[in-house]
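To find a chain, count down the sequence lines: A is the first, B the second, and so on, and within it residues start at 1.
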2 protein chains.
Amino acid sequence: MTSVLAETAGAVGPAGPAGPAGPGATLDSSAATAPGRAGTRRRADRREAILGTAFMVFAREGYAQATLDMIAAEARVAKHTIYNHFGDKQALLRAAIAAESDKALAKNLAAVDGLRDLDGDVRVLLEDVGYRLIGCFCDERGWALRRLLYAEINQFPDLLDIIQGRAASPVTEALADRLARLALAGRLRLTDPAAAAEQLAALLTGSLEARARFGTRAVPDDEKRAVARAAVDTFLHAFGAPSPTDA
Amino acid sequence: MTSVLAETAGAVGPAGPAGPAGPGATLDSSAATAPGRAGTRRRADRREAILGTAFMVFAREGYAQATLDMIAAEARVAKHTIYNHFGDKQALLRAAIAAESDKALAKNLAAVDGLRDLDGDVRVLLEDVGYRLIGCFCDERGWALRRLLYAEINQFPDLLDIIQGRAASPVTEALADRLARLALAGRLRLTDPAAAAEQLAALLTGSLEARARFGTRAVPDDEKRAVARAAVDTFLHAFGAPSPTDA
DNA sequence: GCTATAGTGCACTGGTCAGTGCAGAACTGT
DNA sequence: ACAGTTCTGCACTGACCAGTGCACTATAGC
């Protein structure tokens with residue numbers, strides 16, 4: 001875990017004509033370290049802008065359809081600069097996916113960390129974490145990452161190694177850790193925390209593919225809450241400790 | 001396109017480069033039915049061969065990378081014939097996905113139909129159906145279909161309409177129907193069959209994406225059985241009727 | 001046999017795009 | 001101000017590919 005938590009907030013936006021629900025985030029992030037004049041970004045800033053833009057373009061167009069001219073134009077960068085930084089198109093794809101996976105993992109782990117305090121109603125606790133995990137899963141960039149992985153895993157099998165340790169597995173493990181603590185505190189009844197975490201994750205995200213139509217539909221907030229509630233309800237039927245307030 | 005169940009298995013697919021496809025009797029089902037006009041058997045056979053091959057090539061290479069020369073060569077057919085049947089590359093993709101979705105749906109519905117007889121232990125019944133559904137999900141062509149949908153849903157949003165009614169939804173509905181029958185017979189305790197079916201499906205398939213590494217790893221049979229068992233176990237904790245043999 | 005339909009093989013057009021070369025502009029630290 | 005690095009704009013090559021045109025062959029129905 002080197003720079004997982006070091007990334008800054010979304011400094012990159014497509015600003016394309018086909019933006020579905022893009023907020024007004026243009027590329028003029030500026031104001032980071034540069035003085036008033038635009039276009040005085042340092043090398044690292046450019047690199048990050050290229051990575052973010054490349055990821056969005058790759059996800060939107062697909063690897064083969066995405067052109068480096070597109071990415072360069074959208075990142076407000078010369079095509080040469082991309083080659084200067086990454087060498088070729090394939091390396092750019094790998095770097096973009098690695099960077100985005102790091103961000104996604106950080107978001108997911110932050111959500112699971114909501115289970116850190118062991119006080120309060122377990123049901124409320126789990127529903128809250130579940131809702132936040134669903135939020136990560138339904139994020140536009142979350143869908144984009146998953147779409148890109150599905151699409152290119154055949155052409156680039158080494159993407160598996162790249163996301164190894166950055167994907168769902170560490171999240172499930174962290175969740176299992178938290179569930180184990182809850183069980184130790186007598187608030188859950190389970191013998192295999194990993195299996196329980198896997199099933200909770202499945203209950204939370206399993207129906208989202210259909211609900212979100214493969215990421216083309218934004219799942220409304222109350223629907224996310226309902227899914228989280230139903231998932232936790234079923235989960236507690238199986239793993240809840242028989243407490244006084246148990247139904 | 002209501003002939004979902006009319007397409008039986010294994011009608012398509014010259015697997016290797018040295019396939020047995022000859023000029024004369026390629027995939028001759030030799031049905032003497034001849035509905036409407038006779039003599040169109042040959043054309044229909046070629047059409048189906050093209051569809052099956054095109055689906056595999058699209059899934060393997062991705063839409064943009066797949067070339068019609070590739071498909072034509074692998075289907076043992078002239079490129080012109082493809083254009084003659086489908087017009088252009090996009091139409092071929094749509095037709096291939098529609099045909100494959102029909103087959104996948106038929107397989108899934110057949111699996112759910114295992115719940116038709118209401119006798120026997122509910123746990124055994126559900127585990128069996130679950131195992132078969134997992135088998136459909138982990139099928140090579142199942143992964144290929146999902147991969148292709150994820151990959152191209154942005155370029156061809158109308159694919160959603162094409163798989164509408166051929167995808168997971170009808171399967172979940174059929175499963176809900178069966179669960180409702182079981183509940184009515186007092187063998188399950190549930191108020192919302194659709195929600196219960198959705199959760200059962202989620203428990204069954206939710207962990208498979210990670211286990212199968214996005215379809216690049218074959219999940220061994222005992223692992224499938226274990227997932228089905230765990231899923232049904234949790235499901236019955238939430239929705240099982242308090243029967244004499246209930247734990 | 002004859003004819004229409006369907007399929008084949010080849011060559012070709014027009015467009016796209018990864019990657020490169022070059023010359024000059026802009027920014028870096030000193 | 002200066003030297004070195006980085007970025008930019010433009011033009012270009014070489015390769016690949018969807019889709020077409022044409023001459024020809026194979027099949028099925030009469």
Side-chain angles (χ1 to χ4, degrees), chain A residues 27 30 32-51 53-54 57-58 60-96 152 155-156, chain B residues 14 21-28 30-51 53-54 57-58 61-96 152 155-156:
Chain A
L27 284 203
S30 69
T33 53
R37 282 187 63 93
T40 56
R41 293 175 294 190
R42 275 185 55 252
R43 185 174 166 87
D45 293 333
R46 275 198 161 72
R47 186 187 165 89
E48 213 163 327
I50 294 171
L51 279 178
T53 307
V57 176
F58 279 142
R60 174 172 18 103
E61 311 283 339
Y63 173 78
Q65 302 279 34
T67 71
L68 285 188
D69 290 302
M70 243 187 256
I71 297 172
E74 244 164 87
R76 303 283 207 277
V77 145
K79 191 163 63 161
H80 261 345
T81 308
I82 301 180
Y83 282 101
N84 181 15
H85 275 270
F86 299 99
D88 64 354
K89 198 183 176 186
Q90 295 196 7
L92 177 61
L93 175 74
R94 286 183 241 266
E152 310 301 340
Q155 304 299 309
F156 308 103
Chain B
T26 51
L27 305 161
D28 186 41
S30 71
T33 55
R37 285 175 188 161
T40 56
R41 187 77 265 147
R42 180 184 145 91
R43 182 172 169 85
D45 289 340
R46 273 199 163 72
R47 183 187 168 91
E48 215 163 327
I50 294 171
L51 279 178
T53 307
V57 175
F58 279 142
E61 310 282 339
Y63 173 78
Q65 305 277 36
T67 72
L68 284 188
D69 290 303
M70 245 186 256
I71 297 172
E74 238 161 276
R76 302 285 203 279
V77 147
K79 191 163 62 159
H80 262 347
T81 306
I82 301 180
Y83 283 101
N84 180 16
H85 275 270
F86 300 100
D88 64 354
K89 198 183 177 187
Q90 296 195 8
L92 176 60
L93 175 74
R94 286 182 241 268
E152 310 301 341
Q155 304 298 310
F156 308 103

(request) Please tell me if the side chains of B:Leu68 and B:Leu92 come closer than 4.5 Å, counting only heavy atoms from C-beta onward. (result) yes
(request) Check whether any side-chain N or O of A:Glu152 sits under 3.5 Å from a backbone N or O of A:Tyr63 as a donor-acceptor pair, and report yes or no. (result) yes
(request) Check if the side chain of A:His80 and the base of D:dC10 share a donor-acceptor pair of N or O atoms closer than 3.5 Å. (result) no
(request) Identify which nucleotide among C:dG7, D:dG19, D:dC17 has an atom closest to any side-chain atom of B:Arg43, counting heavy atoms from C-beta outward. (result) C:dG7
(request) Would you mind reading off the distance between A:Asp45 atom CG and C:dT28 atom P, rounded to a whole angstrom? (result) 11 Å
(request) Using a cut-off of strictly less than 4.0 Å, decide whether B:Arg46 has a side-chain nitrogen or oxygen near OP1 or OP2 of C:dT8. (result) yes
(message) Distance check needed: D:dG9 P versus A:Asp69 CG, whole Å only.
(response) 12 Å
(message) Do B:Lys89 and B:Phe58 have side chains that approach each other closer than 4.5 Å (heavy atoms only, starting at C-beta)?
(response) yes
(request) Indicate, with a heavy-atom threshold strictly under 4.0 Å, whether B:Ala66 touches base, sugar-phosphate, or nothing. (result) sugar-phosphate
(message) Quick check: on DNA chain C, is the nucleotide nearest A:Gly87 upstream (toward 5') of the one nearest A:Met70, or the reverse? Name the residue that is more 5'.
(response) A:Met70
(request) To the nearest Å, give me how far apart CZ (A:Arg47) and C1' (D:dT6) are. (result) 15 Å
(message) Rounded to whole Å, how long is the line connecting atom CD of B:Gln65 with atom C1' of D:dA15?
(response) 13 Å
(request) Write down the distance between CG (B:Leu92) and C1' (D:dC17), rounded to a whole number of angstrom. (result) 15 Å
(request) Could you say whether A:Asn84 or B:Asp88 is positioned toward the 5' end of DNA chain D, judged by the nucleotide with the nearest heavy atom to each? (result) A:Asn84
(request) In whole angstrom, give the distance that lies between atom CG of B:Leu93 and atom P of D:dG19. (result) 12 Å
(message) I want to check something: taking the side chain as every heavy atom from C-beta on, are B:Arg47 and B:Phe86 in contact at a cut-off of under 4.5 Å?
(response) yes
(message) Distance criterion of 3.5 Å, no angle test: do you see the side chain of A:Lys79 paired donor-to-acceptor with the base of D:dG9?
(response) no
(message) In this structure, how many angstroms lie between the C1' atom of C:dT5 and the NE2 atom of B:His85, rounded?
(response) 11 Å
(message) What's the closest nucleotide to the side chain of B:Thr81 if the choices are C:dT20, C:dT8, D:dT6?
(response) C:dT8
(message) Rounded to whole Å, please give me the gap between CD1 in B:Ile82 and P in C:dG7.
(response) 11 Å
(request) Report yes or no: is there a donor-acceptor pair, N or O only, under 3.5 Å between the side chain of A:Lys89 and the base of C:dG19? (result) no
(request) Give a yes or no on whether the backbone of A:Arg60 and the side-chain of B:Gln155 come within a donor-acceptor separation of less than 3.5 Å. (result) yes
(request) Compare the minimum distances between each of C:dT20, D:dT20, C:dT8 and the side chain of A:Tyr83, then state the nucleotide with the smallest one. (result) C:dT20
